[in-house]
Amino acid sequence: MEPKVYRQMGLTDYEYGRIKEILGREPNYVETGMFAVMWSEHCGYKNSRPVLKLFPTEAPWVLQGPGENAGVVDIGDGQAVVFKIESHNHPSAIEPFQGAATGVGGIVRDIFTMGARPIAVLNSLRLGPLENPRNRYLMAGAVGGISFYSNCLGLPTVAGEVYFEPTYSGNPLVNAMAVGLIEHKDILRAKASGIGNDVMYIGARTGRDGIHGATFASEELSMTMEAQQPAVPVGDPFREKLLLEACLEIIKEDLIIGMQDMGAAGLTSSSCEMAARAVTGMELNLDLVPRREEGMTPYEIMLSESQERMLLVAKEGARERIEAICRRWGLEAVVIGRVTSDGIMRIKEKGRVVAAVPAKALTDQCPVYERERRRPSYLDRVQNTDLSSLPEPEDYGAALLKLIATPNLASKEWIYRQCDYMARTDTVAGPGGDAAVLRIKGTGKGLALTVDGNGRYCYLDPERGGAIAVAEAARNLSCVGARPLAITNCLNFGNPEKPEVAWQFYQAVVGMSRACEALQTPVTGGNVSFYNETEGEAIYPTPIVGMVGLLADIKHACGSGFSRENDEIILLGETHAEIGGSEYLAVIHSLVAGEPPQLDLEREKAVQELVREAIAAGLVRAAHDCAEGGLAIALAESVINGGLGARIELESSLRPDYLLFSESQSRVLLAVAPACRDRVLALARQKGIPATVIGLCGGSALEVSLNGRVLFNLSLGELEQTWRESIPALMAG
Amino acid sequence: MKFGVIVFPGSNGEQDVYHALDEVLRQPVDYLWHGDTDVSGYDCLVLPGGFSYGNYLRAGAIARFAPIMSAVIDFARAGGLVLGICNGFQILLEAGLLPGAMLRNDCLQFRCQWTHLRVENTATPFSNRFRQGQVIRVPIAHGEGNYYVDAATLAELEANRQVVFRYCDPSGKVTTAANPNGSVANIAGIINREGNILGMMPRPERCVEELLGGSDGREMLASVVDWWQRGNSNGA
Amino acid sequence: MLLAKIYVTFKEGVPDPQGETMGQSLLAMGYQGVLSVRTGKYLEIKLATADKDAASREVEEMCRRLLANSVIEQYRYTLEECC
Amino acid sequence: MLLAKIYVTFKEGVPDPQGETMGQSLLAMGYQGVLSVRTGKYLEIKLATADKDAASREVEEMCRRLLANSVIEQYRYTLEECC
Ligand SMILES: Nc1ncnc2c1ncn2[C@@H]1O[C@H](COP(=O)(O)OP(=O)(O)O)[C@@H](O)[C@H]1O
Ligand SMILES: [Mg+2]
């Protein structure tokens, strides 16, 4: 084959050589295409696999770690939670609405292929500044797509996060996470066992859309790509809803061995991955595949990424019942092949074999690259920036208002009011708090969910930034009273062939792993998105952590708002002079520099335990973690969320701006009834955690003074209005 | 009293309604499949929220032709209680069981939020536990809830006191700012002239437990049960 | 085979928030000549028949029953031979 | 014054789930002759100008910039004198 042909498909000369070696012959066109998508970064993890091995993946409560379509964690009473996050960055950059919509569709399929009923979705977005109309278009489109798809499915969008930084202008990030609930006995693995079993295709027809999407996701976005117009996937949430209900019925009736959605790399990946997991092969007859368009070639059928399709391996004799269920749901169901014993993926068309390759060769023999790693030179410059000579703000009230209006800190209501966050009537705490809380019907328990990441920290120190992402996610869960159980993650990075990016990637995974170990939240799955670059410029390294936690008693779910006059406000943890990488530095001083805050994982763990214990003991009226924007923003948010003011009196030798805006880790604000205060302080002493009573709830203003001097006094109305109206005003253009 | 909750392809509020009636109000309730043609034995039919047929073309337009709809129409014409919530309301409009039509929200976006509703007519099976003018809190979640009727029909609706719920501010004032979707006269829910078919965009089934932020929806659903029980004991 | 091209538009007087918003955007983008924008739907339906009269009756009925909502919308259509 | 009639349709090969669902529904309603349904948007824009050439350039630009999504949609339009 001409090198030009396979190179265009994304294979290197070396990789093509490996394919020839494995097959002992030249691959034909169809086979080359199958290898190209399966050996793409997106499917083959060829640049990340060795690094991902660093993640801790085990705990007694982990029922399924990485390797399946989604992770599974035990929550007691024979139930488990199923969850996973995935990127849809590249499609969203081209067509944000459909890109984000199909991102939701894909991740939800990953949940119900495990046999679970999806119960909630979350998302994580990274965009360039909203002052730029293109970024507004991307934001409106991505949010519109997410809401279109998840609302139609009847899945609540219970949490999410979004950050705006110039680094994402050319390359926005759209990560979607889905969560499901399952009985242990229903857990299904995507395996094609049972020689002779029917392989069935259900759902939407196959069209030419999205061919080579997996490869596309494994390349840098170029300016010409928009002109090339790679086929964008188009979502049909209505069909997905039918598919979801039909699949769950099929699973309830125990009719299948396994199933997998035809997502990235379509029919190719779903079939060969299921076969490889079971050490079997498959024979598929493409003439039987339902098509949307005429004249499709075997290559196109094998690589199409048309949405809302599922591949099932039926149990013996189950075919008719599966067909009947699908018919009832208005879906096509067709047997397109059978499981074979020889480990070969044999693809036929019009009686001819058009491809025959070992399933394992596609999935397991993908070359793995240990990329050269080099610490980027920018780090010395940014980390060693002298921050001590920055002027203090003249007016702290004005500084706070400016910060709270910055889109990274302002209210995200513009986004979440477009998404149905109450569907399924389990949402006890929806978007807007530290973490979402869902009750689990029929039990007294609750699930807590969050998604977190800070690309700026990771840019300044990927190791520490990675660790903080995990720590902060766990802290968010602890603040609602939940015990963190496990994480899923999406690793959004630049081109891993660049030693600097490979270094960032490695460091971030090391940091995340360290935090996961310390906090006992193993990794159950995730997704890697490389090549997030425009014109050779990589985005900030942006690992996103999705975490689930369990509340033993839903009645103890804790909010973040100050709501009761005279409640005492306690700050747990210590504030240091750490403004590196802070919002304060970026917004007030227009600087992205310094080191991100230190993270002491032992301290972190102890603080979180304390918060959970105090909440479980009923001692806490509100808890809120101090994160981006520091103590001042945390206070402002608690005041706004609860609709009640506060008077804060701080004593410290730190510079006032450091004290207010440092993003020191492992700090939590608590509001407690006066009667509970001493017990909380005693508990803190016992655990060796600094705890300071810093003020009282009450009134209709937030007043903060330091060593007797009032730094600012802002009315609740002004704070709230500034915070609430910022993003809507920007979006209005 | 027995409830039937109709499941259309793409409905997604049926489990929420079922939960509210079964677990919270402790009333017998069944799912009814859109392909069925028999609704006998039920005292109240609920058309739930969701995206029947994806709400493609127009919300509720395709569902209106589901086989079960002929039975629903017969049931309603015979005086049976029918409650259409959100997408269910849209289907009732498309089916001509209630007057008017839905346009896209005037903000052109889907809206999920709590709203305040003023109860305008308490002499209905669906609102009799409320006080006239009472302000209740019920969430909405829709993209096409901008209710439209021509001026003549609106006048008729008002004259017959068919407007049951109106969007208002927390103090009960009916203002433009309190209108989340642009619907005429801030209409959130209407009833037919005979008083047995109610359609509303807000979602009562989502506020039947304090754990989820409010329970005014429970009062609304309990109204239906009360009404039916009164009617039946009178009749007996 | 016949191709029906169907145009569904809002009746006079029915608000069209989407059209209004588009009109405002176009003005804001500098198209000062834009006086009004009205949105509608355009549908293409391929029909197996070659009989124009029968097709016309059928399309008329589809429009009345499903494709347009007579409370707010009106429709028109054309039929042409195709492919 | 001119009236621009604008038709925005999906490009060939772009799936149209809405059209597919409507097609299935029409079949279920008994319209056996329906082979396919494709959906699109129809816009009417009134323009203050009488200069067809200028209007045409402007409408072309509006379509490209705002009215059609060039990744998945195509457009065409006509201009006529009006009111
Ligand atoms: N960042 C990551 N951390 C842990 N596991 C990962 C990560 N990225 C991918 N994986 C795991 O590798 C497996 C293959 O991932 P992927 O090919 O994305 O699955 P799929 O395409 O079926 O969603 C999955 O089980 C996934 O959870
Ligand atoms: Mg998958």
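No experiment lies behind these values; they were computed from the predicted model shown.
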Quiz item: Thr49(D), Val37(D), Leu2(D): which one forms the most heavy-atom pairs within less than 4.5 Å of chain C?
Solution: Val37(D)
Quiz prompt | Residue part contacting chain C, namely of Met1(D), when any heavy atom lies under 4.5 Å | solution = side chain
Quiz item: Where does Leu67(D) contact chain C at under 4.5 Å (heavy atoms): side chain, backbone, both or neither?
Solution: side chain
Practice problem: Check step by step if side-chain hydrogen bond (donor to acceptor under 3.5 Å, both in side chains) holds for Tyr77(C) and Ser56(C). | Solution: CA-CA 9 Å; Tyr77(C) 58 87; Ser56(C) 171; 3.2 Å; yes
Self-check item: Among the listed options Glu58(C), Met29(C), Met22(C), the residue most often paired with chain D at heavy-atom distances under 4.5 Å
Solution: Met29(C)
Exercise. Could you have a look at Leu66(D), Leu35(D), Leu3(D) and say which one has the most heavy-atom pairs with chain C under 4.5 angstrom?
Key: Leu35(D)
Self-check item: Rounded distance [0.5 Å steps], SG in Cys63(C) versus CD in Gln74(C)
Solution: 12.0 Å
Self-check item: residues 39-48 of chain C: residues contacting chain D (heavy atom under 4.5 Å, by number)
Solution: Thr39(C), Gly40(C), Lys41(C), Tyr42(C), Leu43(C), Glu44(C), Ile45(C), Lys46(C), Leu47(C), Ala48(C)
Quiz prompt | chain D contact residues among residues 4-21 of chain C, heavy-atom distance under 4.5 Å | solution = Lys5(C), Tyr7(C), Thr9(C)
Quiz item: In Å and rounded to the nearest 0.5 Å, what is the OH to OG distance from Tyr75(C) to Ser70(C)?
Solution: 9.0 Å
Quiz item: Does a side-chain heavy-atom distance below 4.5 Å link Thr78(D) with Glu80(D)?
Solution: yes
Practice problem: Quick one: pull up CZ in Arg64(C) and CG in Asn69(C) and give me the separation to the nearest 0.5 Å. | Solution: 13.5 Å
Exercise. Counting only heavy atoms closer than 4.5 Å, note whether Gln32(D) contacts chain C via side chain, backbone, both or neither.
Key: neither
Quiz item: What's the shortest heavy-atom distance between Leu79(C) and Lys52(C), and which atoms?
Solution: O-NZ, 3.3 Å
